[in-house]
Amino acid sequence: MSATNMNMTSRIIFYEDRNFQGRSYECSSDCADMSSYMSRCHSCRVERGCFVVYDRTNFTGNQYFMRRGEYADYMSTMGMSDCIRSCRMIPMHRGSYRMRIYERENFGGQMHEMMDDCDNIMDRYRMSNCMSCHVMDGHWLMYEQPHYRGKMMYMRPGEYRSFMNMGMGHTRFMSMRRIMDSYF
């Protein structure tokens with residue numbers, strides 16, 4: 001199956017109540033505003049693919065990565081609020097992964113090119129900050145703390161000159177991981 005065909009079959013189902021109960025909303029692509037479909041969300045089932053869900057509309061606010069599986073009460077186990085307001089489908093990527101991380105905003109300071117996961121940029125590169133990046137290939141998750149902890153941000157190919165302007169409430173990331181096809 002080609003990557004394009006796989007993307008069309010991605011599917012997540014949101015439920016208002018825990019244990020897949022109550023009203024539901026099914027989604028197989030990006031949805032910028034789910035508030036007209038459901039007022040709250042306490043569980044979900046990712047049948048195919050991977051998604052990032054957001055607690056505000058238009059793909060803003062806190063982000064949570066959801067891979068194939070069942071989340072009967074993910075709100076309490078992941079520390080999420082019950083107001084999932086938007087979601088983004090992550091396309092499957094086959095091929096190389098490449099990203100340049102920069103110590104300062106606007107691609108300033110130290111630069112390192114990455115092709116694999118990094119659980120701690122301080123240990124690997126002696127960088128105390130990562131405040132901008134350029135994703136050349138693949139899809140990545142970046143975390144505010146080492147060892148893939150803390151708030152997370154989904155990064156698709158593109159230039160990110162300033163994390164401060166992205167509405168995350170913090171300005172730097174300390175660990176990064178690739179979204180591999182094994183997650184799908």
Side-chain angles (χ1 to χ4, degrees), residues 1-99 115-117 133 135-144 148-158 160 166-169 173 175-184:
M1 187 178 292
S2 75
T4 304
N5 289 339
M6 183 58 136
N7 291 342
M8 291 190 307
T9 62
S10 294
R11 186 164 88 172
I12 187 169
I13 305 167
F14 298 97
Y15 298 87
E16 282 188 335
D17 299 320
R18 290 170 179 80
N19 299 313
F20 318 111
Q21 301 295 311
R23 248 175 56 202
S24 65
Y25 173 65
E26 185 176 313
C27 192
S28 57
S29 62
D30 295 355
C31 181
D33 188 358
M34 292 174 31
S35 57
S36 61
Y37 303 110
M38 49 192 340
S39 59
R40 66 181 188 275
C41 180
H42 282 284
S43 59
C44 77
R45 180 178 285 130
V46 180
E47 293 189 348
R48 289 181 298 275
C50 295
F51 290 82
V52 173
V53 298
Y54 302 81
D55 63 3
R56 293 195 307 217
T57 59
N58 298 314
F59 317 112
T60 59
N62 292 314
Q63 302 180 20
Y64 305 91
F65 176 68
M66 311 297 278
R67 61 198 267 178
R68 189 181 45 193
E70 294 188 344
Y71 304 87
D73 184 12
Y74 68 86
M75 298 306 163
S76 62
T77 59
M78 296 174 80
M80 297 172 68
S81 69
D82 68 352
C83 40
I84 299 304
R85 298 292 181 226
S86 56
C87 74
R88 176 164 273 150
M89 190 263 313
I90 300 172
M92 182 183 282
H93 174 77
R94 294 193 191 270
S96 63
Y97 289 79
R98 213 173 70 174
M99 173 171 56
M115 297 176 75
D116 60 353
D117 300 349
C133 74
V135 177
M136 280 101 47
D137 295 303
H139 298 261
W140 298 73
L141 298 175
M142 297 181 70
Y143 297 84
E144 69 177 345
Y148 317 116
R149 293 182 159 157
K151 289 185 180 178
M152 176 219 85
M153 182 170 279
Y154 165 56
M155 306 299 233
R156 52 190 179 177
Y160 301 89
M166 297 176 73
M168 285 294 292
F173 292 95
S175 55
M176 303 81 190
R177 78 168 27 139
R178 299 162 294 164
I179 300 176
M180 306 291 287
D181 61 358
S182 61
Y183 291 175
F184 289 79

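Everything numeric in this text was worked out from a predicted model, so none of it was measured.
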Classify the ring geometry of Tyr25 against Phe14: parallel below 30°, tilted from 30° to 60°, perpendicular beyond 60°.
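Tyr25 vs Phe14 ring planes: parallel.
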Evaluate the ring planes of Tyr54 and Phe59, with Trp represented by its six-membered ring, and classify them as parallel (under 30°), tilted (30 to 60°) or perpendicular (over 60°).
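Ring orientation of Tyr54 relative to Phe59: perpendicular.
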Looking only at non-hydrogen atoms, find the nearest pair between [X] and [Y] and report the distance.
X	Y	result
Ser86	Asp33	CB-N, 4.4 Å
Pro157	His139	CD-CE1, 3.8 Å
Thr9	Arg48	O-NE, 2.6 Å
Met155	Cys133	CE-SG, 3.9 Å
Tyr37	Cys31	CE1-SG, 4.1 Å
Tyr97	Met180	OH-CA, 3.6 Å

What I'd like to find out is whether the side chain of [X] reaches to under 4.5 Å of the side chain of [Y], using heavy atoms alone.
X	Y	value
Leu141	Met176	no
Ser28	Ser10	no
Arg156	Trp140	no
Met152	Tyr64	no
Ile90	Val52	yes
Glu26	Arg11	yes
Phe65	Val53	no
Met66	Cys44	yes

Whether Asp17 and Arg23 form a salt bridge (side-chain N of Lys/Arg under 4.0 Å from carboxylate O of Asp/Glu) is what I want to check.
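No.
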Under 4.0 Å between a side-chain nitrogen and a carboxylate oxygen: does that hold for Glu47 and Arg68?
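No salt bridge links Glu47 with Arg68.
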If you measure only the distance, is there a donor-acceptor pair under 3.5 Å linking the side chains of Asn58 and Thr60?
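On atom types as modelled, these side chains do not qualify, holding no pair under 3.5 Å.
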Are Tyr15 and His42 linked by a side-chain donor-acceptor pair shorter than 3.5 Å?
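No, His42 and Tyr15 have no side-chain donor paired with an acceptor closer than 3.5 Å.
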Distance in Å, [X] [atom1] paired with [Y] [atom2], rounded so as to fall on 0.5 Å steps:
X	Y	atom1	atom2	result
Met92	Ile179	CE	CD1	11.5 Å
Tyr154	Arg88	OH	CZ	7.0 Å
Gln63	Met153	CD	CE	5.0 Å
Met38	Ile84	CE	CD1	10.0 Å
Glu144	Ser175	CD	OG	9.5 Å

Going by side chain to side chain donor-acceptor pair (under 3.5 Å), name the residues that satisfy it together with Ser29, two or more places apart in sequence or in a different chain.
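In terms of side chain to side chain donor-acceptor pair (under 3.5 Å), with neighbours along the sequence ignored, Ser29 is linked to no residue.
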For Met142 and Met99, what are the C-alpha separation, side-chain angles and deciding distance, and is it a side-chain contact (heavy atoms from CB on, under 4.5 Å)?
CA-CA 11 Å; Met142 297 181 70; Met99 173 171 56; 4.1 Å; yes
Applying side-chain contact (heavy atoms from CB on, under 4.5 Å), run through Tyr143 and Lys151 and close with a yes or a no.
CA-CA 6 Å; Tyr143 297 84; Lys151 289 185 180 178; over 6 Å; no
Which residues satisfy the salt bridge (Lys or Arg N to Asp or Glu O under 4.0 Å) test with Asp181, sequence neighbours excluded?
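For Asp181, the residues satisfying salt bridge (Lys or Arg N to Asp or Glu O under 4.0 Å) (neighbours in sequence not counted) are Arg94.
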Can you list the residues that meet the salt bridge (Lys or Arg N to Asp or Glu O under 4.0 Å) rule with Arg45, with sequence neighbours excluded?
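In terms of salt bridge (Lys or Arg N to Asp or Glu O under 4.0 Å), with neighbours along the sequence ignored, Arg45 is linked to Glu70.
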Between the side chain of Asp30 and the main-chain N/O of Met89, is any donor-acceptor distance below 3.5 Å?
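Yes; at least one donor-acceptor contact below 3.5 Å.
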Asp55 side chain to Asn62 backbone, donor-acceptor under 3.5 Å:
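Flag set: sc Asp55 to bb Asn62 pair under 3.5 Å.
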Do Arg177's NZ or CZ and the ring of Tyr148 fall within the cation-pi criteria of under 6.0 Å and 45°?
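Flagged: Arg177 positioned over aromatic ring of Tyr148.
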Before you tell me yes or no, could you show the steps for Asp116 and Arg178 under side-chain contact (heavy atoms from CB on, under 4.5 Å), namely the whole-Å CA-CA distance, both residues' side-chain angles and the distance that decides it to 0.1 Å?
CA-CA 7 Å; Asp116 60 353; Arg178 299 162 294 164; 4.0 Å; yes
